[in-house]
2 protein chains.
Amino acid sequence: MANRSRVTIREVAERVGVHPSTVSRVLNPATRGRITPEIAEKVTKAANDLGYTPNQAARGLRTNRTRTIGVLIPDITNPLFPPIIRGIEDALGESGYTAIIGNTDNLAVRETEAVSTMRARQIDGLVLATARRDDPLVSQCVADGLPLVLVNRTADADGVSSIVNDDALGIALAVSHLKDLGHTKIAHIAGPLELSTGEARQRSFLEALQKEGLSPADCPVAETNAFSEDEGLRTAAELFAEGLSFTAIVAANDLIALGAYEAIADIGLRCPEDISVTGFNDMPFVDRLSPPLTTIRIPHYELGREAARRLVELIETPDSSARATTLRPELIVRGSTASPDR
Amino acid sequence: MANRSRVTIREVAERVGVHPSTVSRVLNPATRGRITPEIAEKVTKAANDLGYTPNQAARGLRTNRTRTIGVLIPDITNPLFPPIIRGIEDALGESGYTAIIGNTDNLAVRETEAVSTMRARQIDGLVLATARRDDPLVSQCVADGLPLVLVNRTADADGVSSIVNDDALGIALAVSHLKDLGHTKIAHIAGPLELSTGEARQRSFLEALQKEGLSPADCPVAETNAFSEDEGLRTAAELFAEGLSFTAIVAANDLIALGAYEAIADIGLRCPEDISVTGFNDMPFVDRLSPPLTTIRIPHYELGREAARRLVELIETPDSSARATTLRPELIVRGSTASPDR
DNA sequence: AACAACTGTGCAATCGTTTGCATGAAACGA
DNA sequence: TCGTTTCATGCAAACGATTGCACAGTTGTT
């Protein structure tokens, strides 16, 4: 029926016997009020009958607004990101926007590349899940006046909106949980410090120690180069090799925790009997590991929704100002944490 | 620097002192040959200097080709789909195309809805990962002449291109593996039969039994209503309740296998000592389950790449004909399969 | 009753590219 | 040398929607 050649506003106009501009005004909610209800009625009916849908390319050309936004993520294959994307797309859909996604594999070149192809497509704004603390791309977008929201990770630059997890709370929950179990010597395996998440979680860990009255001398901190299982394994192994006597590990994320699992097994210890481990993120299936991972659940979906909502707000009310929002995480206690032996 | 107001072809033309159409021809690879090399040179230089990027909205309006394609998936949050999407986007990127993604949650209304908003955006084609065997949306798109490729699942309708896994081979590998271990009584928990994957795997199971010389009477088949853990649990429990004496379960996918794990534990048996289980898909982290899941690895990323390549081909050479392609899966042996006790 | 204000609709320009056609110049064959 | 073909480029008309302005008709004010 409806062939690929679409029905235009002109055909609707001819059908009703009015000028195309009248049809346009009827179909635009903002101007519908200016048209006689009777005519508006006829126009909407004709538009429905003919199956009219506006040509977004034409509209975008004229208005310079495509209702399309770009989303940059490191890798959709990382289970962290799909819920964020889903949240973004759901929220965008409600406002008539659409997302195009770019995977950057954490490579700066691919980031700038992706942004320029997105700009060629006249995106109205950008959601970045790839921000580094010091990120030229962020400053560039801000300088160009491109509406921008950071999600998951934030950047040090100010004047930019961001929706991130409350990492301080998350880490405090983990440390407090371990202390309640009786742990006093707790190690932290930190993420990369050039990422806001890595830095914030490490800083929060130190703050939490203080708040809980634990001695930093008993609580070593090691840093990884990436939020990966390999790095978690390598770094945990290093901690053990130093002969430290901690009884628990607060990992900066779940993958690092997985690496820690391996390191613990490698030296013949058991989790949680000998060493407790906490993760961060609550990725899918970490409840199926052995032992099931005690971790911090981040509201990823809500992070995405909120980011999209904020971006639409930035686009549609240009005077709205940048602000940083944090969402509250939740401690999920499973089998990887227990009281230390003595 | 580059403000949001973009540099147009006209500015480039003025800078060089030629007509806009000349710039257009230089920038279009197909017509560059018709321009004096010397001028072409100057134009490309000016375009670079000014940081010109074509306005895709304008181009799309004029050419009716947006180099945008739509991708419909049930839910990006299902770990099956991100690799497919990644494959699609990577392949599209190589051809200058971009994808917009729609999550449909397997709801027919959301599917048609998503397709119509995508069509409003003038997509050049569609990749469907949501096809049911009898799918009105598929027939509709074919009828409308919208270039279409099915991925992961196919439909019964012919004349439509599809890229799917070779389920017959996958199931054959699983059955053969179990028979080699000594199993003769093997159950199959099938997926929904209205999906091509559910039907093909069940049919292939019966074929494989015959090929391996196993008695169908000893090999019960039960059907689920969804590829989910809950359904796997429910259906496996039913099989056990019937008092059948099988020693292995071939699950139609990994989630169903997970459900089977639970059902096995619920009746006090162990996997693989009492019952072997095979999955299908090799989802992330099934190697971390206990026991690690023996499963069939599907080349999801390649499925996506191939689907995108095929779609671009369909779009750019309109006389190319539809064909169905299958990609070869691989048996991944882990800890959930073992020889039966006796 | 005359003029002002308002209202609803049409007119036409515009957004940035692409592309069929026209044009003038150059190249070629006879 | 003239007529014809070829070639490189300019011209202008699209593509489909939006929107400032104009205009005619109506309503309101004094």
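Chain letters run A, B, ... following the sequence lines, proteins first and then strands; every chain starts at 1.
- Within 4.0 Å of A:S24, counting heavy atoms only, lies at least one base atom of the nucleic acid.
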Given the rule in the side chain to side chain contact (heavy atoms under 4.5 Å, CB included) test, do A:N152 and A:V164 qualify, once you have shown the distances and angles that lead to the verdict?
CA-CA 5 Å; A:N152 187 45; A:V164 298; 5.7 Å; no
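- What separates CD1 of B:I9 from C1' of C:dC15 is a distance of 14 Å, to the nearest Å.
- A donor-acceptor contact under 3.5 Å is not formed by the side chain of A:R59 with the base of D:dT18.
- Of the two residues near DNA chain C, B:A57 and B:T31, the one whose nearest nucleotide lies more 5' is B:A57.
- Looking at A:R121 and B:T68, their side chains do bring a donor and an acceptor atom within 3.5 Å of each other.
- Checking the phosphate oxygens (OP1, OP2) of C:dC11, a side-chain nitrogen or oxygen of A:H19 falls inside 4.0 Å.
- Map B:T36 and B:T63 each onto its nearest nucleotide of DNA chain D; the residue landing nearer the 5' end is B:T36.
- Under 4.0 Å is where a charged nitrogen must lie from a carboxylate oxygen, and between B:E113 and B:R110 no such pair does.
- For the pair B:K42 NZ and D:dT9 C1', the computed distance is 14 Å after rounding to whole Å.
- Look at CG on A:N55: it is 21 Å from P on C:dT14, rounded to the nearest Å.
- We find that CZ of A:R62 is positioned 8 Å from P of C:dC15, with the value rounded to whole Å.
- C:dT19 atom P lies 13 Å from atom CG of B:L27, rounded to whole Å.
- Open room surrounds CG on B:D158; 12 or fewer heavy atoms of other groups in view lie less than 6.0 Å from it.
- Put simply, B:T22 has a side-chain N or O that comes within less than 4.0 Å of OP1 or OP2 on D:dG10.
- When the P atom of D:dT19 is taken as reference, atom CZ of A:R25 falls 10 Å away, rounded to whole Å.
- In this structure, A:R10 atom CZ and D:dA17 atom P are separated by 10 Å, rounded to whole Å.
- Looking at which nucleotide of DNA chain C each of B:A58 and A:R34 is closest to, the 5′-most match is held by A:R34.
- For the pair A:I35 CD1 and C:dT7 C1', the computed distance is 10 Å after rounding to whole Å.
- Between the side chains of B:T325 and B:R310, at least one donor N or O lies within less than 3.5 Å of an accepting N or O.
- Counting any heavy atom pair closer than 4.0 Å across all strands shown, A:S21 reaches a base atom.
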